[in-house]
Amino acid sequence: MNMKERVLVADIPNHIGETITIAGWVSVRRDHGKLVFLDIRDRSGSVQAIVLPSSGEAYEAVKDIRNENVVRIGGLVKERPGGAEKAGSVLGGVEIEVLSIGKLSGEEAALPFDLSSPVLDLNIDTLLDHRTLALRHPKQRAIFKIYATVLAAYGDHMREAGFLEIKTPKLVASATEGGANVFTVDYFGRKAYLAQSPQFYKQAGISVFERVFEVGPVFRAEPHFTTRHVNEYIGLDAELAFIESFTEVMDELEAAMNHIFSTVEQKCQAELALHETAVPTLVPFPRLRLSEALIILKEKYGKEVEGSDIDAEGERMIGEYAKETFGSDFIFLTHYPTDLRPFYTMPNADDPSVTESFDLLYRGLEIASGGQRIHDFHQLVESIRKRGMNADDFASYLDVFRYGCPPHGGWGLGSERIIQKLLGLGTIKEALLYPRDVKRLSP
Ligand code: AMO
């Protein structure tokens, strides 16, 4: 087939009365008496094709065409009376009368599940075991159209706001976030790690470029089975210099979130509709100290928390509180205790037991964390020591501060959690094409 001659489905209405070539997947084959109807899908949309017994060769060839086979069709574009009202995503107003049809690929084997029903009602294991096939379903494809829009909107916004896009190594010599959740790799006989975040490199980045952002993989060896963790995700990170307060970091993140959501609203109406959801009404994000949130949890929800941290249930409740009190799907929790944040976090000048830091919750789930960083060499060395770590292990990171680094802060934002909450997905795994969890390394 000469692909140059191929007409995309979305362009078919411009070819009424012409004989054209289309190619794509058979979403569904329906036999009505002697007529065969095929919904043909390509990247731009779906159209109905009809094979009449009088077509001879095509009628013979269509006999072994099954759902999801890949086909090429030569046919006549016809106006379809009343077709514009046809429900679903199939192009109304036109149809193709098939003159020739050829199978490009696909066996006659039965599909493991029915992709033609409006809802793909599979358990998560079946969905992920047959991931590539399941992705052909319109609702699944819609997730990744929205996801791509989120990534593009984030990049566009950050560039517009003066941030330089950087890509940093994912094979690294030291853990950045502390804790045990780091994957070890054999690196030519030495121990290396998969990056837990671009933290050190984005801080190095601002010491050169002032404002940097990165969209890249993050690896976490978390042995949990939860609906919000995966072991590899895409982080939307940013770091900005010459700040006076971490509130400026929150301002920048809020502006980025606003741009992401308004872009999704503009570009993804059909995809949002498939998921029966809409972009939340955006009001200024409320900001609340974590210590105040804990009091609210106790007084309003009767929830006691252990220690001074908030757990997943507490975050859900504070999400409800934000909605009820401020009409906001988002809320910043601020001033996390120093012993709960990584060593690079700036302590509060008046009360060093808390930090200049925040988490951002969206519909009750943490989607980002960030804050101001320590930029003084000696203070940083002291912070490393206080946590029982060896400053020598951070020599090249510390050099960034030895030679001068402006006051700065930034955030790490989990891209998949945005999608999970926007679409109300049961698990974050549905927001990844090929998620990695404790048990899953394939497909
Ligand atoms: P943190 O560890 O809180 O901060 O991670 C930042 C954001 O990344 C997302 N996230 C995850 N998403 C899916 N699966 C996981 N296992 C997972 N772990 C984290 C969350 C989280 O809010 N360096 C700091 C950020 C900074 O201060 O700039 C960091 O990595 O949405």
Side-chain angles (χ1 to χ4, degrees), residues 147 150 154 158 163 166 168 170 172 174-183 193-206 211-241 243 246 249-250 252-253 256-257 260 290 309-310 312 315 319 330-334 336 340-346 355-374 397 408-422 425 427-432 435-438 440:
Y147 185 67
V150 167
Y154 183 72
M158 298 309 287
F163 290 75
I166 58 170
T168 68
K170 303 306 158 203
V172 295
S174 51
T176 51
E177 305 299 319
N181 62 354
V182 54
F183 286 108
Y193 305 100
L194 293 180
Q196 276 172 309
S197 87
Q199 187 62 38
F200 291 179
Y201 291 104
K202 64 182 180 167
Q203 289 188 259
I206 64 89
R211 291 183 160 215
V212 296
F213 79 100
E214 177 165 11
V215 176
V218 174
F219 301 92
R220 299 280 169 102
E222 277 152 337
H224 317 302
F225 294 93
T226 76
T227 56
R228 62 187 193 283
H229 289 97
V230 279
N231 297 104
E232 177 179 356
Y233 67 92
I234 298 296
L236 309 180
D237 274 81
E239 204 70 21
L240 55 145
I243 60 167
F246 77 108
V249 180
M250 291 192 281
E252 289 288 348
L253 175 54
M257 293 308 303
I260 289 172
L290 176 64
D309 200 3
I310 186 169
E315 287 178 347
F330 295 90
I331 184 166
F332 280 113
L333 297 182
T334 65
Y336 279 69
L340 292 179
R341 295 303 256 213
F343 72 86
Y344 53 75
T345 315
M346 180 71 97
T355 52
E356 303 287 90
S357 68
F358 63 83
D359 274 6
L360 175 62
L361 312 189
Y362 172 32
R363 293 183 174 157
L365 176 71
E366 175 203 322
I367 58 162
S369 65
Q372 185 166 355
R373 329 297 189 181
I374 298 172
Y397 172 61
H408 64 284
W411 67 76
L413 168 63
S415 62
E416 299 86 352
R417 286 187 181 183
I418 301 174
I419 299 292
Q420 179 189 1
K421 281 288 145 180
L422 173 63
L425 304 176
T427 163
I428 189 174
K429 289 172 200 171
E430 282 193 64
L432 286 93
R436 295 291 173 252
D437 65 21
V438 178
R440 186 173 294 278

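Start at 1 and go down the list; that is how both ligands and their atoms are numbered.
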Mind checking whether Arg220 has a heavy atom under 4.0 Å from ligand 1? yes

Who's the nearest protein heavy-atom neighbour of [atom], and how far?
{"atom": "atom 23 (N) of ligand 1", "value": "Gln199 OE1, 2.7 Å"}
{"atom": "atom 27 (O) of ligand 1", "value": "Arg373 NH1, 2.8 Å"}
{"atom": "atom 20 (C) of ligand 1", "value": "Arg417 NH1, 3.6 Å"}

Could I get the full list of ring-ring contact (aromatic ring centres under 6.0 Å, His included) partners for Phe163, not counting sequence neighbours?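 Testing Phe163 for ring-ring contact (aromatic ring centres under 6.0 Å, His included), a comparison that skips the adjacent residues, returns none.
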
Could you list which atoms of ligand 1 come closer than 4.0 Å to a heavy atom of [X]?
{"X": "Glu222", "value": "15 (C), 16 (N)"}
{"X": "Lys202", "value": "26 (C), 28 (O)"}
{"X": "Gly370", "value": "27 (O)"}
{"X": "Ile428", "value": "13 (C)"}

Looking at the rings of Phe219 and Phe183, which for Trp means the six-membered one, are their centres under 6.0 Å apart?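 Not under 6.0 Å, so no.
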
SB check Glu416 Arg436 (cutoff 4.0 Å): no

Could you see which bit of Ile367 sits under 4.0 Å from ligand 1, with heavy atoms only: side chain, backbone, both or neither?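 It is the backbone that gets close, since no side chain atom is under 4.0 Å.
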
Heavy atom under 4.0 Å from ligand 1: found in His229's side chain, backbone, both, or neither?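 Both backbone and side chain of His229 come within 4.0 Å of ligand 1.
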
Parallel, tilted or perpendicular: rings of Phe200 and Tyr344 (30°, 60°):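 Perpendicular, since the angle between the ring planes exceeds 60°.
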
Among [options], closest by any non-hydrogen atom to [atom]:
{"atom": "atom 4 (O) of ligand 1", "options": "Ser197, Gly412, Ser369, Ala238", "answer": "Ser369"}
{"atom": "atom 24 (C) of ligand 1", "options": "Tyr233, Tyr344, Phe200", "answer": "Tyr344"}
{"atom": "atom 22 (O) of ligand 1", "options": "Arg228, Glu366, His224, Glu239", "answer": "Glu366"}

Of all heavy-atom pairs between [X] and [Y], which one has the smallest distance, and what is that distance?
{"X": "Pro198", "Y": "Lys170", "answer": "CB-NZ, 4.1 Å"}
{"X": "Val438", "Y": "Phe225", "answer": "CB-CZ, 3.8 Å"}
{"X": "Glu239", "Y": "His408", "answer": "OE2-CD2, 3.1 Å"}

Can you confirm whether the side chains of Tyr233 and Ser415 place a donor and an acceptor under 3.5 Å from each other? no

Nitrogen or oxygen of [X] less than 3.5 angstrom from that of ligand 1:
{"X": "Gly414", "result": "yes"}
{"X": "Leu413", "result": "no"}
{"X": "Gln196", "result": "no"}
{"X": "Val230", "result": "yes"}

Sole residue of Ile234, Leu236, Asp237 in side-chain contact (heavy atoms from CB on, under 4.5 Å) with Leu413: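 Among Ile234, Leu236, Asp237, the one meeting side-chain contact (heavy atoms from CB on, under 4.5 Å) with Leu413 is Leu236.
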
The criterion is side chain to side chain donor-acceptor pair (under 3.5 Å); which residues satisfy it with Glu356, sequence neighbours excluded?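 Glu356 satisfies side chain to side chain donor-acceptor pair (under 3.5 Å) with Asn348 once adjacent residues are dropped.
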
Any Ile428 side-chain heavy atom under 4.5 Å of Thr227 side chain: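 Ile428 vs Thr227: side chains apart.
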
